Protein chains: 2
Amino acid sequence: MSTPCASIAVSTVIFTVRPTGPGGRHELWLPLVRRIREPYHHMWALPGGPLDGDQTLEDAATAYLRLTAGLDASHLEQLATFGGLTRSQGADERVVTVVYWAALPAQDAAAGEEDLNVTWLRATDLPPLAFDHSLVVAHALERLRDRIADPTVARSFLPAAFTIAQLREVHEAILGRSVDAPNFRRHVLRSGRLQDTGERVPGTPHRPPALYRFTADGAPDFFRSGPNPLHQETP
Amino acid sequence: MSTPCASIAVSTVIFTVRPTGPGGRHELWLPLVRRIREPYHHMWALPGGPLDGDQTLEDAATAYLRLTAGLDASHLEQLATFGGLTRSQGADERVVTVVYWAALPAQDAAAGEEDLNVTWLRATDLPPLAFDHSLVVAHALERLRDRIADPTVARSFLPAAFTIAQLREVHEAILGRSVDAPNFRRHVLRSGRLQDTGERVPGTPHRPPALYRFTADGAPDFFRSGPNPLHQETP
DNA sequence: TCAAAAGTGTTGCCGATACACCCATGG
DNA sequence: CCATGGGTGTATCGGCAACACTTTTGA
């Protein structure tokens, strides 16, 4: 087959949750890297780059993620592939970019902060980005909001042991709205995915919250766990 | 940038619904093409091929779809990109494949049936396919079941005017189970996406059903149309 | 004793489900 | 008149949202 030669690139939208809002409210943050050449010189872009010949797509996403954030993600998932002809008007060839999205626990994400060409910004308030990366981030945000009901995703933003309030704050940051604490508590406990460690967080100016862990198995989703998500069956 | 050169391919999983089951029950079908060279010579594979330099990804998917089914899809959507190193063990280079899925109305899909190297098979009962295409089809089926709640997707399997029973049969074929007719009727009517044409289908040995059309706007989904899919907000 | 957040109880609403029943047509 | 599928009515059940209330800690 006479396949024309094209460039394949891999980029990653890396999310983390930080208590940076007014009153300690949690917000979504992501790292961007500064373009050091044309096109879009000096603008911010998603971390990424060309795909090496001996890497899987996930390998490449992991490598660029480590380069940017200084560590590995606890969750990595493919978002979509972008291949419009006008993506990279400066380059001669067309570039097809496979985009992944990733989640980092908050305490780890501070590690890579030092690099001058990397900045962390609030995901919901970004400047215009290089290429079509503003659009890509919008897609990733939408996907994350759909996927946060999966406990596998929620856990990847948190340390191994956490309070239900922390888990709720992750949901609130991603959904962009507050969530009723009593109902949230019942929901996640009923899902069977949480296990009480028996420990509590001391030193709070109020009743000390219990620490939980995720269990390996259980319901696939925190929410929408009813018998049938769609209509019914008739035998 | 010294980007290594790799092949980019585009494949499409093309779905249609046909009344081929026992008692005229509807089933999901898809077209496959026979491999005419190594690797996987003589086996069935998804329609697709290399990406030309001046095509968008969607252009390529549309072109291979037309080549296989003889016409254009009424719905085309990206599924995922597969780039494992062991996908094409016969080829020297690695191949990254961007996979789309598509929906065709039933009456149109018979057109391309003639070609000797194309066959239509039941989507739920396929033989082993070339490459990792069995896995790809499984992913596409799962995605289709998630997306069928979107009226945009459901309409793409049907002609412009259709009965609610036909719409229900499309859902049944995709979900793989029967659906309660009275409740289904109420659901789709309540969604505001259907408009009565005033016409009816004559010649039936029973009460003639009404013909409907899709309206342009309305609820985004037939189902899960409640105020908040996830938990609640507290202002 | 108070403030604050953890955690519990309760109620009303609404959608999903199941299924009984009527309607309209051809044979 | 009967069979068949279209189409309507209705009762039940369970989850979710709202919110009042109790508990437990540090200050």
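What you are looking at is a predicted structure, and each value in this text was computed from that prediction instead of being measured. Naming convention: chains lettered A, B, ... in sequence-line order (proteins, then strands); numbering from 1 in each chain.
In this structure, the ring pair (Phe, Tyr, Trp, His ring centres under 6.0 Å) partners of B:His139, at least two apart in sequence or on a different chain, are B:Phe82. Annotation: ring pair (Phe, Tyr, Trp, His ring centres under 6.0 Å) contacts of B:Tyr100 (sequence neighbours excluded): none. For B:Tyr212, the ring pair (Phe, Tyr, Trp, His ring centres under 6.0 Å) criterion is met by no residue, not counting sequence neighbours. Partners of A:Arg143 under the salt bridge (Lys or Arg N to Asp or Glu O under 4.0 Å) rule, at least two apart in sequence or in another chain, do not exist in this structure. With sequence neighbours left out, the side chain to side chain donor-acceptor pair (under 3.5 Å) criterion links B:Glu77 to B:His75, B:Arg147. In this structure, A:Arg207 has no side chain to side chain donor-acceptor pair (under 3.5 Å) partners at least two apart in sequence or on a different chain. Shown here are the side-chain contact (heavy atoms from CB on, under 4.5 Å) partners of A:Ala165, two or more places apart in sequence or in another chain: A:Thr163, A:Arg168. Residues that satisfy the salt bridge (Lys or Arg N to Asp or Glu O under 4.0 Å) test with B:Arg25, not counting sequence neighbours, are absent from this structure. Residues passing the side-chain contact (heavy atoms from CB on, under 4.5 Å) test with A:Pro208, sequence neighbours excluded: A:Arg200, A:Thr204.
Computed from coordinates, the A:Glu169 CD to C:dA5 C1' distance equals 11 Å when rounded to whole Å. Atom CG in A:Leu211 sits about 12 Å away from atom P in C:dA6, given to the nearest Å. In this structure, A:Gln166 atom CD and C:dG7 atom P are separated by 12 Å, rounded to whole Å. Summarising the geometry, the separation between CZ on B:Arg168 and P on D:dG7 is reported as 10 Å, rounded to the nearest angstrom. Taking atom CG of A:Leu167 as the reference point, atom P of C:dG7 lies 13 Å away to the nearest angstrom. Atom-to-atom, CG of A:Asp180 to C1' of D:dA20 comes out at 12 Å; the value is rounded to the nearest Å. Remark: C1' of D:dA17 and NE2 of A:His171 are 17 Å apart, rounded to the nearest angstrom. Distance A:Arg190 CZ to D:dA17 C1': 12 Å, rounded to the nearest Å.
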Between N or O atoms, less than 3.5 Å apart, protein on one side and nucleotides 9-12 of chain D on the other: list the pairs.
residue : atom : partner  : partner atom : Å
D:dG9   : N7   : B:Arg186 : NH1          : 2.9
D:dG9   : O6   : B:Arg186 : NH1          : 3.4
D:dG9   : O6   : B:Arg186 : NH2          : 2.8
D:dT10  : O4   : B:Arg186 : NH2          : 3.3

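For the helix from C:dT1-D:dA27 to C:dG27-D:dC1, the end axes, each set by the C1' atoms of five terminal pairs, are bent relative to each other by 10° (nearest 10°).
If you check residues 196-209 of chain B against DNA chain C, the residues with a heavy atom closer than 4.0 Å are B:Thr204, B:Pro205, B:His206, B:Arg207, B:Pro208, listed by number.
A:Glu27 and A:Thr20 form a side-chain donor-acceptor contact under 3.5 Å, judged by distance and modelled atom types alone.
In terms of phosphate contacts, B:His187 brings no side-chain nitrogen or oxygen within less than 4.0 Å of OP1 or OP2 of C:dG15. For the OP1/OP2 pair of D:dG6 and a distance below 4.0 Å, the side-chain nitrogens and oxygens of B:Arg185 include no atom meeting the criterion.
In this structure, B:Thr119 contributes its side chain and B:Leu32 its backbone to no donor-acceptor pair below 3.5 Å.
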